[in-house]
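The first residue of the sequence shown is numbered 1, and numbering continues consecutively from there. Because the structure is a prediction, the values reported are computed rather than measured. Indexing begins at 1, ligand by ligand and atom by atom, following the structure's order.
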Amino acid sequence: MCEGVALQRRGLALDGMKPIALRIDVDTYRGTREGVPRLLDILAREGIRATFFLSVGPDNMGRHLWRLLKPKFLMKMLRSNAASLYGWDILFAGTAWPGRQMGKGLAPVMRRIVEAGHEVGLHAWDHHAWQAWSGHWDVERQYHEIKRGVDVLEQIIGERITCSAVPGWRGNQATVDAKERFGFRYNSDCRGGRMFRPLLTDGTIGTPQIPVDLPTFDEVIGRETDAANFNGYILEKLRSSALGIYTIHAEVEGILMASEFSALIHSMRQNGMDFVPQSALLPDDLSTLPTGHLTTGPLPGREGWVGRGL
Ligand SMILES: [Zn+2]
């Protein structure tokens with residue numbers, strides 16, 4: 001069955017429109033508190049259902065940003081004006097005081113996402129720790145980190161978690177093995193151009209991976225385009241994208257770039273694009289997906305490594 005028919009069977013009228021899965025990563029306390037409500041308003045106005053990946057543990061993102069303060073990152077910060085992008089409170093979060101527990105303080109905001117009909121999955125327990133250390137963690141350590149986040153998020157939203165996406169696409173073979181025990185419907189832990197079923201260490205086939213094929217705002221600003229021309233740039237990428245999975249951040253598109261993002265959504269509609277949660281892109285018959293290894297490697301515009309799909 002072709003993808004379009006599969007989508008229509010799930011009650012998503014396409015009318016020849018190109019389906020784009022809008023994925024929203026939420027990394028910080030401020031992003032959840034301010035960015036998420038703003039994005040919920042924009043999406044409600046447009047009648048759009050999206051996928052939110054939430055962080056629920058301590059917000060130590062400031063510590064992460066400073067740890068990465070090496071020349072290349074400093075250049076990127078200056079180019080993208082990160083201080084105004086993230087806000088000084090985010091840059092300093094967790095540097096001089098312990099990070100605030102996001103799940104504790106912001107549970108009502110997280111529940112609003114579910115009540116609005118969006119798909120919700122786990123991003124991280126501790127976003128900073130995962131981005132910094134997951135490459136050194138074995139399967140057990142990754143499993144416990146994910147379990148901690150899943151338990152808290154399930155308690156908050158009162159439903160089983162069915163999907164997840166590691167911070168910064170820092171997914172590797174240990175991630176594939178660790179996540180298998182949760183029985184999720186899919187994971188989104190890597191970059192790549194097509195959905196696939198990753199191979200576990202024991203050679204069996206794991207939970208489907210839905211990679212992200214489009215760049216994020218911070219990956220291309222100052223490198224391929226600038227803030228003023230970003231919407232035109234990404235629209236062109238969306239048009240030619242085969243998979244059509246676009247990631248935004250509550251901290252960026254939900255706060256500083258909110259009006260620009262709202263305009264982008266309008267342009268996307270005018271260009272014949274429709275919006276679906278990520279899970280709607282999965283085929284009915286998962287065995288039709290190719291199998292292969294989730295590997296790791298560099299990605300232009302990002303520091304360090306990311307998980308790579310097929
Ligand atoms: Zn993130």
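Shortest distance from the Zn ion (ligand 1) to Asp27 is reached at OD1 (N/O/S atoms only). Counting just the N/O/S atoms of His127, the one with the shortest distance to the Zn ion (ligand 1) is named NE2.
A continuous path of ILVMFWY side-chain contacts below 4.5 Å connects Leu286 to Ile210, so both sit in one hydrophobic cluster.
Within the model, atoms CE of Met257 and CZ of Phe217 stand 4.0 Å from one another, a figure rounded to the nearest 0.5 Å.
Residues satisfying the salt bridge (Lys or Arg N to Asp or Glu O under 4.0 Å) criterion with Glu260, sequence neighbours excluded, are absent altogether.
Taking 2.8 Å as the threshold, Asp25 does not count as a candidate ligand of the Zn ion (ligand 1), since none of its N, O or S atoms lies below it. Not one N, O or S atom of His249 sits under 2.8 Å from the Zn ion (ligand 1).
Side-chain N/O atoms of Gln101 and Asp59 include no donor and acceptor closer than 3.5 Å.
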